[in-house]
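Heads up: the structure comes next, in structure tokens.
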Amino acid sequence: MSAARYPTLPSRMTLQAFKNRLKGAQKGHSLLKKKADALIIRFRKLLKELKTTKEEMMGEMKKALFSIAEAKFTAGDNISMAVVESVKNAAVKAQIRNDNVAGVRLPVFRLMEFQTDDMAGIGKGGEQIRGVRVAFQRLLELMVKIASLQTSFVTLDNAIKVTNRRVNALEKVVIPRIENTITYIICELDELEREEFFRLKKVQKVKKRNAEADEKLRREMGQHLLKASNLLEDSEFSPDADLVV
Amino acid sequence: MAVQTFRDGEERLISIIGDEDTVTGFLLAGVGDCDRRKNMTNFLMVDKNTQLSAIEAAFKSFSTRSDIAIILINQHIAEDIRYLLNDYHKTIPTVLEIPSKDFGYDTNKDPVFKRVKQQLGETD
């Protein structure tokens, strides 16, 4: 599907302008294609990692939940309430960092630990509780990693879609339009030149015709003058006569 | 597309909507945060008596808070609010579905996992 052309006056200046635009569009197109390729490479890598990490997480989760079951068995069912009550400020947080891939900002998470004065569970001692805590801490690290991969995955997916859309727009709409405009301008310029040439030829023809007509007239005039002077010679009025009166 | 409104290096909380065991475990690991003044927490313990509206409210609140980076949610609870999750398109906070003790984990129900599989070209 070739798009129509841009509306413009056909002149040499506009021709140059459009040629520059074409160059710009083509350069942009190749750059965007490179960007899309870079993004896709990173995307594929992410995919594999995301899948394997999530599967790993499932195994870890089972272990962690099992450890809680153990703890409940030995320490009783009420640890949940005690833990909930003792929550104050978060001891772990997730830090968001910006990663840059081919111009796309990807958010990446990292687990950050804080020292708070409240360490829920230290007072509650017990090996089982400590076991639960360790298992869940390990799980948490995995979780943060997965969340990080997930956000990057979603962001990259969108970025790739947008970039591909732009590449296609350039390739199928903008560049054909500019090319059509350039062809149109060149055609019009040629046409104008042809008209100019034709006009020149016509004017030359007319001039030549006028020149020939003038020449003919002059010749006829010349002949008349000659005849007139001959008549004068044959008459009585001789140029040698005494004209002084 | 959501505009990123976080600063580079910003630290945010990890929130959790889960059953008793899951939440207890994660609280022991240290994710719990309770703001006594505003009476706001970043976790919700869900059992068979919890109202759907409570779960919805918690999810809506966590997903609009600007101090939360990740929302962990047990998959069976995620199923209950699947309609909310399907419409959720923000990158931050990220929603992460995790298996639970009683209900296992079905990769076909996790929307992100489905996309991953699709991209890899695998069929079930």
Side-chain angles (χ1 to χ4, degrees), chain A residues 43-44 47-48 50-51 54-55 57-58 61-62 64-69 71-72 79-80 83-84 86-98 105 107 109 111-114 116 119-121 129 132-137 139-140 143-144 146-148 150-151 153-155 157-158 162, chain B residues 1-2 4 6-16 19-36 41-43 45 67-72 74 89-102 104-105 107 110 112-113 115-120 122:
Chain A
F43 191 65
R44 300 251 156 243
L47 273 184
K48 290 214 172 72
L50 186 59
K51 182 157 182 272
K54 243 187 164 158
E55 284 166 352
M57 181 264 286
M58 297 202 275
M61 188 80 187
K62 281 208 181 71
L65 288 171
F66 187 65
S67 70
I68 273 212
K72 276 198 167 155
I79 41 173
S80 319
V83 169
V84 169
S86 67
V87 166
K88 283 208 207 99
N89 284 322
V92 294
K93 287 195 189 174
Q95 189 193 43
I96 312 179
R97 278 268 190 79
N98 262 331
R105 312 252 299 283
F109 296 129
L111 197 59
M112 295 237 81
E113 296 212 3
F114 286 91
T116 55
M119 287 258 109
I129 304 282
V132 169
R133 162 181 280 181
V134 161
F136 268 89
Q137 271 171 344
L139 190 62
L140 196 60
M143 294 292 193
V144 167
I146 294 180
S148 183
Q150 220 173 272
T151 35
F153 171 81
V154 169
T155 319
D157 201 23
N158 283 337
V162 167
Chain B
M1 223 182 49
Q4 304 301 354
F6 57 89
R7 292 171 292 118
D8 188 24
E10 189 183 335
E11 283 147 7
R12 291 199 184 183
L13 302 168
I14 302 168
S15 61
I16 165 121
D19 56 27
E20 187 185 330
D21 287 351
T22 317
V23 173
T24 312
F26 278 110
L27 287 180
L28 277 175
V31 305
D33 181 279
C34 179
D35 193 342
R36 291 286 152 126
T41 59
N42 67 338
F43 57 93
M45 221 181 258
D67 58 350
I68 291 186
I70 306 177
I71 304 177
L72 299 171
N74 276 129
H89 292 301
K90 285 205 223 165
T91 32
I92 303 225
T94 339
V95 171
L96 190 50
E97 292 184 27
I98 55 185
S100 55
K101 178 179 70 177
D102 308 317
Y105 181 70
T107 51
D110 186 345
V112 176
F113 215 87
R115 283 264 286 292
V116 173
K117 272 209 194 145
Q118 210 179 33
Q119 292 287 352
L120 284 174
E122 288 172 22

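All figures in this text were calculated on a predicted structure; none of them were measured in a lab. Scope of the values below: all heavy atoms of this structure, side chains included, with no hydrogens, waters or symmetry mates.
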Checklist outcome for this item: Of all heavy-atom pairs linking A:Val132 and B:Gly25, the shortest is CG1-CA, 4.2 Å
Checklist entry - Considering only heavy atoms, which portion of A:Leu65 lies under 4.5 Å from any heavy atom of chain B: side chain, backbone, both, or neither? => result side chain
Checklist entry - For A:Phe66, is it the side chain, the backbone, both, or neither that has a heavy atom closer than 4.5 Å to a heavy atom of chain B? => result neither
Checklist entry - What's the shortest heavy-atom distance between A:Met61 and B:Pro99, and which atoms? => result CE-O, 3.4 Å
Item to check | Euclidean distance, B:Ile92 CD1 relative to A:Ile96 CD1, rounded to 0.5 Å | outcome: 4.0 Å
Checklist outcome for this item: Okay, A:Val144 and chain B: the region with an atom under 4.5 Å from a heavy atom over there is both
Checklist entry - Quick one: are A:Phe109 and B:Thr94 in side-chain contact, heavy atoms under 4.5 Å? => result yes
Item to check | Nearest non-hydrogen partners of B:Thr22 and A:Phe136, listed with the distance | outcome: O-CE2, 3.8 Å
Checklist outcome for this item: In short, B:Ile14 meets A:Ala94 closest at the heavy-atom pair CG1-CB, 4.0 Å
Checklist outcome for this item: The interface call for B:Ile71 against chain A, heavy-atom contacts under 4.5 Å, is neither
Next on the checklist: Using heavy-atom distances under 4.5 Å, tell me whether A:Leu47 contacts chain B through its side chain, its backbone, both, or neither.
Outcome noted: both
Checklist entry - Rounded to the nearest 0.5 Å, how far does CD of B:Glu97 lie from CD1 of A:Ile146? => result 12.0 Å
Item to check | Smallest separation among heavy atoms of B:Thr91 and A:Thr151, with atom names | outcome: O-CG2, 3.0 Å
Checklist entry - Side chains of A:Met143 and B:Ile70: does their closest heavy-atom pair fall under 4.5 Å? => result no
Next on the checklist: Ignoring hydrogens, what is the shortest heavy-atom contact between A:Gln150 and B:Val95? Give both atom names and the distance.
Outcome noted: NE2-O, 2.7 Å
Checklist entry - How long is the span from the OG1 atom in B:Thr24 to the CZ atom in A:Arg133, to the nearest 0.5 Å? => result 13.5 Å
Checklist outcome for this item: Rounded to the nearest 0.5 angstrom, the NZ-CD1 distance for A:Lys54 and B:Ile98 is 10.0 Å
Item to check | Portion of A:Ala147 that has a non-hydrogen atom of chain B nearer than 4.5 angstrom | outcome: both
